[in-house]
Amino acid sequence: QQSVAEILDTLRTQGYNVLAPQTLSVAPHYRLRFDFLQVDPNPTGGEVFKVGGQYVDNPTTQKRDKWVDYFCLGKTPLERIARSVNILWDAACTGVVFRDSTTLEFRAVGVYRLPTGDVARITGTKEIDLLAIEEEVRIEQTMKVLSGKWEPKKGEEMLYKDRPPEEIINSLVRREMAMWRKNRLMRAETGAKERAIRSGLALKSRYTREELLRPFVVPVVEYNPQFD
């Protein structure tokens, strides 16, 4: 029978995304199982989002001319990973740290059991700055409108007909910022928990499509009392 270390080495050699340290020991009266989680590597599926890319070495041409896109895990796969390791959010420590009319900061604190039997604590924070976001939104909408890439949604053609670009931009910015104000607490909480999961479980900040095609392996600790 293979040891835990041998199983982990085999999984890593086969290219799996193993979310475990190089060495892993299991406490007495506990046992270890592995959850295999598959992630949809296509951004249209909603489980990952693109975070840039770069040119890498191309074995065929012997040049650095192969473009590789990078993706980050989104909310859905992170929540599945959190459920697998049974992360529990500490209600006494999780919540709003600071809030005023333009800024909100949320802190998420969770705990989960390590294979050693110890309890690990994870923490993440997320700040929503509406002034900074409005500036980014205005730049983005200005570029879209002035470049001719923006088109009104179906049914809203008359709303924007014959209006000057500045009015259109202001209207688009007001609409998007209304959604940010409405949902800023939810977005801050989600962001804080996602950061806690990523940092606490040592997830990479970005993955290639090839890496995302391989399942994520999550070690799960289960209580296994012996009644001998």
Side-chain angles (χ1 to χ4, degrees), residues 2-24 32-85 115 122 124-127 129 132-133 135-151 153 165 169 172 176 187 190-220:
Q2 283 186 308
S3 66
V4 172
E6 290 172 335
I7 294 173
L8 293 175
D9 285 343
T10 300
L11 291 171
R12 290 191 179 98
T13 301
Q14 294 174 348
Y16 288 92
N17 298 300
V18 181
L19 304 183
Q22 291 296 323
T23 58
L24 193 63
L32 201 63
R33 65 175 173 83
F34 297 98
D35 279 355
F36 291 77
L37 306 178
Q38 190 70 57
V39 174
D40 184 351
N42 298 310
T44 54
E47 295 197 344
V48 300
F49 55 92
K50 189 177 177 181
V51 289
Q54 68 178 31
Y55 285 103
V56 299
D57 294 333
N58 188 337
T60 303
T61 63
Q62 301 297 313
K63 297 179 180 179
R64 198 175 183 82
D65 60 0
K66 180 181 178 181
W67 180 261
V68 174
D69 289 322
Y70 291 110
F71 304 90
C72 185
L73 295 180
K75 178 181 178 181
T76 300
L78 290 176
E79 288 181 340
R80 295 211 311 265
I81 292 171
R83 286 195 296 270
S84 286
V85 298
I122 62 174
T125 60
K126 174 69 174 181
E127 179 182 303
D129 183 339
I133 292 171
E135 184 176 350
E136 293 175 355
V137 169
R138 184 169 296 279
I139 292 172
E140 179 183 356
Q141 297 296 354
T142 298
M143 292 177 64
K144 285 183 179 180
V145 172
L146 296 184
S147 66
K149 295 181 179 179
W150 174 83
E151 292 183 359
K153 295 180 180 179
I169 293 168
L172 296 174
E176 189 162 345
R187 293 190 182 196
T190 298
K193 289 181 176 180
E194 288 179 354
R195 287 181 175 180
I197 295 167
R198 287 194 184 97
S199 62
L201 300 180
L203 284 159
K204 293 167 58 176
S205 60
R206 62 184 191 178
Y207 294 87
T208 65
R209 175 180 171 81
E210 288 70 25
E211 289 174 323
L212 291 173
L213 288 170
R214 307 164 190 157
F216 285 78
V217 181
V218 184
V220 181

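These numbers come from the heavy atoms of this one structure, side chains and all, not from hydrogens, waters or symmetry mates.
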J.: May I ask you to test the Val39-Val48 pair for a side-chain heavy-atom distance under 4.5 Å?
T.: yes
J.: Closest heavy-atom contact between Thr208 and Phe71?
T.: C-CD1, 4.4 Å
J.: If only atom types and distance count, is the side chain of Asn58 paired as donor or acceptor with the main-chain N or O of Thr60 below 3.5 Å?
T.: yes
J.: Taking all atoms of both residues into account, what is the closest heavy-atom pair of Glu194 and Gly74, and its distance?
T.: OE2-C, 4.3 Å
J.: Could you tell me the separation between the CZ atom of Arg138 and the CD1 atom of Ile133, rounded to the nearest 0.5 Å?
T.: 14.0 Å
J.: Go through the steps for Ile81 and Leu19 under the test side-chain contact (heavy atoms from CB on, under 4.5 Å), then give the verdict.
T.: CA-CA 10 Å; Ile81 292 171; Leu19 304 183; 4.0 Å; yes
J.: Any carboxylate oxygen within less than 4.0 angstrom of a Lys/Arg side-chain nitrogen, looking at Lys50 and Asp69?
T.: yes
J.: About how many Å separate CG of Asp9 and CD of Gln14, when rounded to the nearest 0.5 Å?
T.: 11.0 Å
J.: Between the side chains of Lys204 and Glu211, is the shortest nitrogen-to-carboxylate-oxygen separation below 4.0 Å, so that they form an ion pair?
T.: yes
J.: Asn17 side chain to Arg214 main-chain N or O, any donor-acceptor pair under 3.5 Å?
T.: yes
J.: Nearest 0.5 Å, please: how far is NZ in Lys75 from CD1 in Ile197?
T.: 10.5 Å
J.: Do side-chain atoms of Thr190 reach the backbone of Arg187 as a donor and acceptor pair under 3.5 angstrom?
T.: no
J.: Crowded around Glu140 CD? As in, over 12 foreign heavy atoms under 6.0 Å?
T.: yes
J.: The criterion is side chain to side chain contact (heavy atoms under 4.5 Å, CB included); which residues satisfy it with Glu176, sequence neighbours excluded?
T.: Val137, Gln141, Trp180
J.: Around Glu151, counting heavy atoms of other residues, nucleotides and ligands shown, do more than 12 lie under 6.0 Å from its CD?
T.: no
J.: Hey, is the main chain of Pro59 close enough, under 3.5 Å, to the side chain of Gln62 for a donor-acceptor pair?
T.: yes
J.: Does a side-chain heavy-atom distance below 4.5 Å link Leu32 with Val220?
T.: no
J.: So Phe34 and Val18, do their side chains get closer than 4.5 Å, heavy atoms only?
T.: no
J.: Heavy atoms only: give me the nearest Pro41-Arg209 pair and the separation to one decimal.
T.: CG-NH1, 3.7 Å
J.: Could you walk me through whether Lys66 and Asp57 pass the side-chain contact (heavy atoms from CB on, under 4.5 Å) check?
T.: CA-CA 6 Å; Lys66 180 181 178 181; Asp57 294 333; over 6 Å; no
J.: Would one find more than 12 heavy atoms of other residues, nucleotides or ligands at under 6.0 Å from atom CZ of Phe49?
T.: yes
J.: Mind jotting down which residue pairs meet the salt bridge (Lys or Arg N to Asp or Glu O under 4.0 Å) criterion with at least one end in residues 39-49? Sequence neighbours excluded, please.
T.: Glu47-Arg80
J.: Mind listing the closest non-hydrogen atom pair of Gln54 and Arg64 along with its distance?
T.: NE2-NH2, 4.2 Å
J.: Do Gln38 and Pro77 make a side-chain contact, defined as non-hydrogen atoms from C-beta onward lying under 4.5 Å apart?
T.: no
J.: Which atom pair, heavy atoms only, marks the closest approach of Val85 to Pro219?
T.: CG1-O, 4.0 Å
J.: Roughly how far, to the nearest 0.5 Å, is CD1 of Ile169 from OG1 of Thr142?
T.: 4.0 Å
J.: Does Trp150 reach the side chain of Leu172, with side-chain heavy atoms less than 4.5 Å apart?
T.: yes
J.: Locate the shortest heavy-atom distance separating Gly200 from Ile122; write the atom from each residue and the value.
T.: CA-CG2, 3.5 Å
J.: Between Ser84 and Leu37, is any pair of side-chain heavy atoms under 4.5 Å apart?
T.: yes
J.: Between Arg206 and Val51, is any pair of side-chain heavy atoms under 4.5 Å apart?
T.: yes
J.: Using side-chain heavy atoms (C-beta onward) and a distance below 4.5 Å, is Leu73 in contact with Phe216?
T.: yes
